Amino acid sequence: MTLNLEPLWLTLKLASLTTFVLLVIGTPIAWWLSQTRSRMKQVVATLVALPLVLPPTVLGFYLLLLLGPAGPIGKLTEALGLGTLPFTFPGLVVGSVIYSLPFLVQPAHNAFEAIGSRPLEVAATLRASPLDRFFSVALPLALPGLLSGGILAFAHTVGEFGVILMIGGNIPGETKVLSIAIYDHVESLEWTQAHWLAGGMVLFAFLVVLSMNLLGQRMRQIGQD
Amino acid sequence: MIELDVAFRLDRGNFTLDVAFTAPGLGITGLFGRSGCGKTSILRCVAGLERAAGHCRLDGETWQDDAKGIFLKTHRRPIGYVFQEASLFAHLSVRDNLKYGMRRVPASEHQIAFDEVVDLLGIRQHLERAPSGLSGGERQRVSIARALLTSPRLLLMDEPLSALDHASKQDILPYLERLHDTLRIPVLYVSHAPDEVARLADRIVLMRDGQVQAIGSATEILSRLDLPLAQDTEASALIEGRVQSHDDNYDLTRVAIPGGTLTVGRLDQATESRIRLRIHARDVSIAIRKPETSSILNVLPARIVEMQEIDRSHLLVKLCTAGEPHPPLLARITRYSRDRLKLEPGQEVFAQVKAVALMD
């Protein structure tokens with residue numbers, strides 16, 4: 001039996017890059033949601049949560065239309081000389097970021113809200129500007145929440161299937177990630193290979209949920225101090 | 001002379017705040033009143049944490065003036081704010097908590113040295129610890145030090161003792177009294193505890209339902225029978241005095257006050273030093289003739305100014321002592337005694353003082 005590990009590395013690359021992008025764009029969204037009194041808050045929160053309830057195929061379908069050569073974003077990327085995103089690795093990253101957005105934003109939002117207004121008010125009376133307060137008080141205090149959000153988003157991206165099938169297809173080395181590879185092996189009755197990859201996924205999922213629980217326990221202990 | 005000048009109007013449906021007052025540039029101004037009367041709102045408005053209509057100036061520098069469209073953000077106001085709960089940053093050590101504000105103030109504006117504040121508040125042994133390992137009183141001392149280290153030009157204290165148990169309160173009060181003597185900046189001190197106000201405040205702003213009910217020196221407000229401070233069981237009068245002599249034989253100290261002397265248990269104060277004494281109304285009784293055979297050492301000639309019943313059995317008597325500037329004394333006696341002694345305003349009597357507490 002030869003086990004092709006290329007899908008594994010591709011999956012890890014996709015999940016790492018997606019998590020990084022999510023931390024950079026999801027954290028400010030979560031911070032805004034925790035601080036704003038705008039009436040748009042619930043609308044934005046709903047949009048962010050939408051991937052939780054939409055079938056991945058629906059998400060993938062619209063992403064395909066938007067990013068494709070006839071879609072508005074596709075036209076933009078072509079005009080910029082980037083080509084179109086569907087059936088490419090960057091396209092997968094865009095899809096994964098949108099698909100996993102709630103898994104980062106919701107824990108981060110809760111973590112920012114749990115801080116309450118008091119530490120930020122204290123920092124203001126100690127001469128910290130709003131940006132300074134975010135980096136010196138809010139971010140360190142919300143770190144456990146951001147971390148658990150990051151782990152969840154990473155794990156969720158690793159397990160992604162529907163969206164990838166819709167916008168990525170099955171191109172070895174480009175879009176053929178673990179879940180697609182397992183599907184492939186099963187289709188061609190390669191049970192041994194499917195077992196190795198699937199078993200590895202079960203172990204990975206177990207470790208992720210365990211680390212989340214341990215992190216949660218530590219957060220509660222800190223909270224009690 | 002630094003002076004704080006504020007006027008705020010705030011309408012929040014069931015609560016209206018409408019205040020205007022000035023506070024002197026030195027000493028502690030106590031904002032006193034029941035919970036929900038707007039004391040904390042005033043402090044938050046002065047800090048810029050909340051915005052009410054009006055103005056706020058310190059020593060001619062404008063922090064808020066709606067007429068001119070000026071509103072300085074909180075982090076641009078040179079204040080120190082001590083909250084009800086210590087609110088230390090959980091992710092920083094005590095030392096880093098202390099330096100948080102200090103680092104954000106230009107070195108050229110530092111007025112108070114780190115070591116000086118750390119010693120003043122007795123927290124040197126806790127510097128490397130995490131805030132979670134400190135007791136309530138220790139945390140509050142750290143938060144006071146943290147506020148002082150920004151070298152504020154105005155210190156705002158929002159019931160800094162109310163979240164503490166009795167022992168922690170007793171532990172922290174001497175530090176606050178020390179601050180009172182050491183600091184050369186004005187302090188706005190919010191409290192609903194008459195005892196704290198009497199111990200600490202030089203001036204009192206009495207609040208009621210979002211309005212200023214009375215404002216004046218602590219001596220005056222504490223002894224006004226129509227105001228709630230005098231009707232409290234802790235009601236007391238403040239008297240300024242001068243240490244006259246120490247009696248080594250009986251371990252006593254004689255204090256000169258307007259119109260007489262008080263003999264008290266030995267005080268650790270040099271002769272000639274000026275001190276503030278607090279005399280509780282419940283420790284003062286009244287005699288028509290000068291008692292010659294009593295264990296009570298301190299008997300002062302005084303005149304009855306005013307009397308007010310506080311419940312069915314007791315009344316409060318405001319006396320004025322003989323010497324200039326006639327500082328007031330309060331006495332809590334029974335209605336029965338009043339009728340038996342036939343006491344009435346204007347009458348010359350003797351006040352017997354059973355106990356005296358030193359304030360600072």
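Note that this is a predicted model, so its numbers are computed, not measured. Chain identifiers are assigned alphabetically (A, B, ...) following the order of the sequence lines, protein sequences preceding nucleic acid strands; residue numbering begins at 1 within each chain.
More than 12 heavy-atom neighbours from other residues, nucleotides or ligands sit within 6.0 angstrom of CZ on A/F161. Other residues, nucleotides and ligands place more than 12 heavy atoms under 6.0 Å from the CZ atom of B/R51. Other residues, nucleotides and ligands contribute more than 12 heavy atoms inside 6.0 Å of the NE2 atom of B/H91. In this structure, B/F21 places its CZ atom where more than 12 heavy-atom neighbours from other residues, nucleotides or ligands lie under 6.0 Å away. Under a cut-off of 6.0 angstrom, the local environment of CZ in A/R118 is crowded, with over 12 non-hydrogen atoms contributed by other residues, nucleotides or ligands. Heavy-atom contacts from other residues, nucleotides or ligands closer than 6.0 Å to CZ of B/R124 number more than 12.
With a 4.5 Å cut-off on side-chain heavy atoms, B/Y81 and A/L126 do not count as touching. A/V122 has its side chain within reach of B/R146: a pair of non-hydrogen atoms, C-beta onward, lies under 4.5 Å apart. Put simply, the side chain of B/Y100 reaches to within 4.5 Å of the side chain of A/S136, judged on heavy atoms. Residues B/F89 and A/V137 form a side-chain contact, since some pair of their non-hydrogen atoms from C-beta on lies under 4.5 Å apart.
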Practice task
Decide yes or no on side chain to side chain contact (heavy atoms under 4.5 Å, CB included) for B/H75 and A/R133, but give the supporting numbers first.
Solution key: CA-CA 10 Å; B/H75 68 280; A/R133 299 202 281 274; 4.0 Å; yes
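Only the side chain of B/R44 comes within contact range of chain A, judged by heavy atoms closer than 4.5 Å. Interface remark: B/P78 contributes backbone and side-chain atoms alike to the contact with chain A (heavy atom separation under 4.5 Å).
Between B/I79 atom CD1 and A/R127 atom CZ the span is 6.5 Å, to the nearest 0.5 Å.
The salt bridge (Lys or Arg N to Asp or Glu O under 4.0 Å) test with A/D132 is passed by exactly one of B/R104, B/R103, B/K73: B/R104.
Here A/A128 is the residue among A/P119, A/S117, A/A128, A/P130 with the most heavy-atom pairs under 4.5 Å with chain B.
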